[in-house]
Structures are given as C-alpha cells and as structure tokens.
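Working notes for the structure below.
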Amino acid sequence: MTDITSTVGVIKPVRESNSHAQLERIMPAGVAFDSIYLGIKYRSVAEFRAVMAAYEEKVPEMAARGVDLLHPEGAPPFMLEGLDGEKRRIAAWEDRFGIPVFTTGMTQLAAMAALGVRKFVGITPFSGELAKIFNTYFTEAGLDVLSMTTPVPPDESVYDRDAGEIFDLMVNTFRAQPPGADALFVLGSDWPVFDITGEIEAAIGVPVLHPVPVRCWYVQKRLGLNIPVDGHGRLLAEMI
C-alpha cells in the first residue's frame with residue numbers, strides 16, 4: 001500500500017462528473033483526496049451567485065479535516081466575483097484556516113504564467129453573459145482574450161458530443177479565431193477532452209489548458225512534486 005503523504009480537500013460543485021476519477025488516475029502516488037459535493041446544476045448566473053453560501057459553509061468543514069491543500073472547484077462561481085473579489089475571498093479563507101486554498105481560475109492563471117501565455121482563445125459551454133464574465137476575469141489578470149466562445153449552437157450541449165466530434169469542434173473553433181494565440185483554454189472539466197488533449201495540441205500547435213491536467217500540474221507544484229505525466233498536454237508532460 002502506498003503511504004499517503006499529502007491530502008487535498010476538494011469541494012466539487014456537481015455530482016455528475018468524471019473529472020475527479022480522471023484526476024486521481026494521473027495524480028502521483030502519495031497524494032490522496034477528500035471530497036465534498038455541492039450538487040448544483042450549472043444552469044444560471046443566479047445559481048452560481050447563490051452557491052457561494054454553500055462554499056462558505058463547506059470550506060470550514062473541509063479545513064477541519066486537516067487537509068494539506070483545499071480546492072473549492074468550479075470556475076464560474078468564483079469568476080463571477082471578478083479577480084479581485086476571488087483574491088479577497090481566498091485570502092480570507094487562508095487567514096482563517098491557515099492552509100493554502102486555490103480555485104480553478106487560479107490554477108489556469110498559474111499555468112498560463114508558467115507557459116508564458118499572453119494571448120489565448122477560450123472555449124466554454126456557456127455563452128452570453130457568462131462568457132463575458134469569464135472574459136473579464138482573464139482581462140483583469142492582464143491577459144488578451146482573443147475570443148471566449150461556445151462551439152455549438154445555444155440550444156445544443158457540448159456534453160452530448162463524443163471525443164471525435166469535440167476534437168473537430170475545438171480545432172475548427174480555434175482556427176476560426178484571430179491568429180496569434182499562445183494557448184487554447186477550455187472551461188469545463190467534463191468535456192470529453194481529457195484523453196485527447198495531446199492530439200488537439202498537435203493539431204493546433206499551442207498548449208491546451210484543460211482543467212484536469214492543469215489541476216494535476218498545479219497540485220504537484222504546490223506540494224513540491226515534479227512528476228511528468230504524458231498524454232494530456234505539454235504543461236503536465238514537461239512539468240514546466
């Protein structure tokens with residue numbers, strides 16, 4: 001049996017997700033997870049705003065379990081607060097509980113900094129107001145968002161597509177955007193992208209920042225690990 005050296009406390013917004021099993025599959029031995037599920041449905045801006053009360057309730061519960069890192073997942077709820085609002089909330093939690101806390105947005109910003117990304121194309125399952133909010137979050141961080149777009153019509157779901165369809169949608173969407181992007185950012189852990197991240201990178205010629213490999217990379221960095229994992233993009237393969 002592998003000795004557990006570090007535990008990451010995860011507060012996941014949805015129950016119907018494969019992303020946690022994917023993360024455990026690629027995380028080096030010795031890192032364990034303790035999870036709480038909020039059970040939100042990802043349907044509206046109002047729901048994302050309201051769910052912050054649930055995070056405020058569950059973060060103390062998870063901190064009390066003695067985890068080494070605490071990760072409230074879910075990009076939209078925190079991005080709705082803006083970059084400064086997110087920083088204030090995370091700082092307050094860290095001051096209160098004395099452990100590192102990080103969000104999905106924070107992992108992406110760290111990955112972009114490590115890769116030297118200044119301009120990127122964003123792909124998201126959400127359009128309209130939410131896409132604009134995501135755009136603003138990264139703009140506030142000093143990045144140039146060439147586009148933040150949804151690759152399917154508003155009445156269709158990206159989650160109903162298989163990996164082959166998603167590959168074509170992402171590659172074609174990226175190529176249709178303004179040139180000069182340093183990366184492709186994917187918002188949403190449950191797109192069927194995890195196993196084809198490297199293939200998409202090879203097709204478009206820039207790093208693909210999918211939440212699960214980025215999360216693995218970030219957790220390793222915070223725990224002082226540096227164990228490459230092939231097949232899920234340059235960031236994780238090279239442990240930049």
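For reference, positions follow the sequence shown, starting with 1. Side chains are part of it too, since the values below use all heavy atoms of this structure and drop only hydrogens, waters and symmetry mates.
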| task | Identify whether the distance between the nearest side-chain nitrogen and carboxylate oxygen of Arg88 and Glu81 falls below 4.0 Å. | result | no
| field | Shortest non-hydrogen separation from Gly74 to Tyr55 and the atoms involved | value | CA-OH, 4.1 Å
| task | For the pair Gln177 (side chain) and Thr173 (backbone), establish whether a donor and an acceptor sit closer than 3.5 Å, ignoring hydrogens and angles. | result | yes
| query | Is there a side-chain contact between Val206 and Val121 (heavy atoms, below 4.5 Å)? | reply | no
| query | Would you say Glu86 and Thr103 make side-chain contact, with heavy atoms under 4.5 Å? | reply | yes
| task | Quick one: do Thr104 and Glu73 satisfy side-chain hydrogen bond (donor to acceptor under 3.5 Å, both in side chains)? Show the steps, please. | result | CA-CA 6 Å; Thr104 300; Glu73 284 189 28; 5.4 Å; no
| field | Pair Glu129 + Lys132, salt bridge at N-O below 4.0 Å | value | no
| request: State the OG-CZ distance between Ser189 and Arg215, to the nearest 0.5 angstrom. | output: 4.0 Å
| said: Any salt bridge linking Arg65 with Asp34? Criterion: basic side-chain nitrogen under 4.0 Å from a carboxylate oxygen. | reply: yes
| task | Answer yes or no: is there a donor N or O on one side and an acceptor on the other, between the side chain of Lys58 and the main chain of Pro72, under 3.5 Å? | result | no
| message | Can you confirm whether Phe138 sits close enough to Met79 that some side-chain heavy atom of one is under 4.5 Å from a side-chain heavy atom of the other? | response | yes
| field | Ring centroid separation Phe78 to Tyr137 under 6.0 Å | value | no
| query | Donor-acceptor pair, Thr5 side chain versus Gly30 backbone, under 3.5 Å? | reply | yes
| task | Using a 4.5 Å cut-off on heavy atoms from C-beta on, say whether the side chain of Lys12 contacts that of Ile36. | result | no
| request: Answer yes or no: is there an ion pair linking Arg161 with Asp168, defined by an N-O contact shorter than 4.0 Å? | output: no
| Aromatic ring pairing Phe134/Phe126, orientation class (parallel under 30°, perpendicular over 60°, tilted between) | perpendicular
| Would Gln220 and Leu236 count as a side chain to side chain contact (heavy atoms under 4.5 Å, CB included) if you check the C-alpha gap in whole Å, the side-chain angles of each, and the deciding distance to 0.1 Å? | CA-CA 10 Å; Gln220 285 206 55; Leu236 193 54; 4.1 Å; yes
| query | Going by heavy atoms in the side chains, are Ile200 and Phe167 under 4.5 Å from each other? | reply | yes
| said: Within the structure provided, determine whether Pro13 and Val51 are in side-chain contact (heavy-atom separation under 4.5 Å). | reply: no
| Can you check whether Ser19 reaches Trp191 side chain to side chain, under 4.5 Å on heavy atoms? | no
| request: Apply salt bridge (Lys or Arg N to Asp or Glu O under 4.0 Å) to Asp195 and Arg25, showing your working. | output: CA-CA 11 Å; Asp195 288 318; Arg25 202 170 97 200; 2.7 Å; yes
| task | First locate atom CH2 of Trp217, then atom CD of Glu238, and finally report the distance between them rounded to the nearest 0.5 Å. | result | 12.5 Å
| Non-hydrogen side-chain atoms of Thr7 and Leu69 separated by less than 4.5 Å | no
| task | Supply the atom-to-atom distance Leu109 CG to Leu209 CG, rounded to the nearest 0.5 angstrom. | result | 10.5 Å
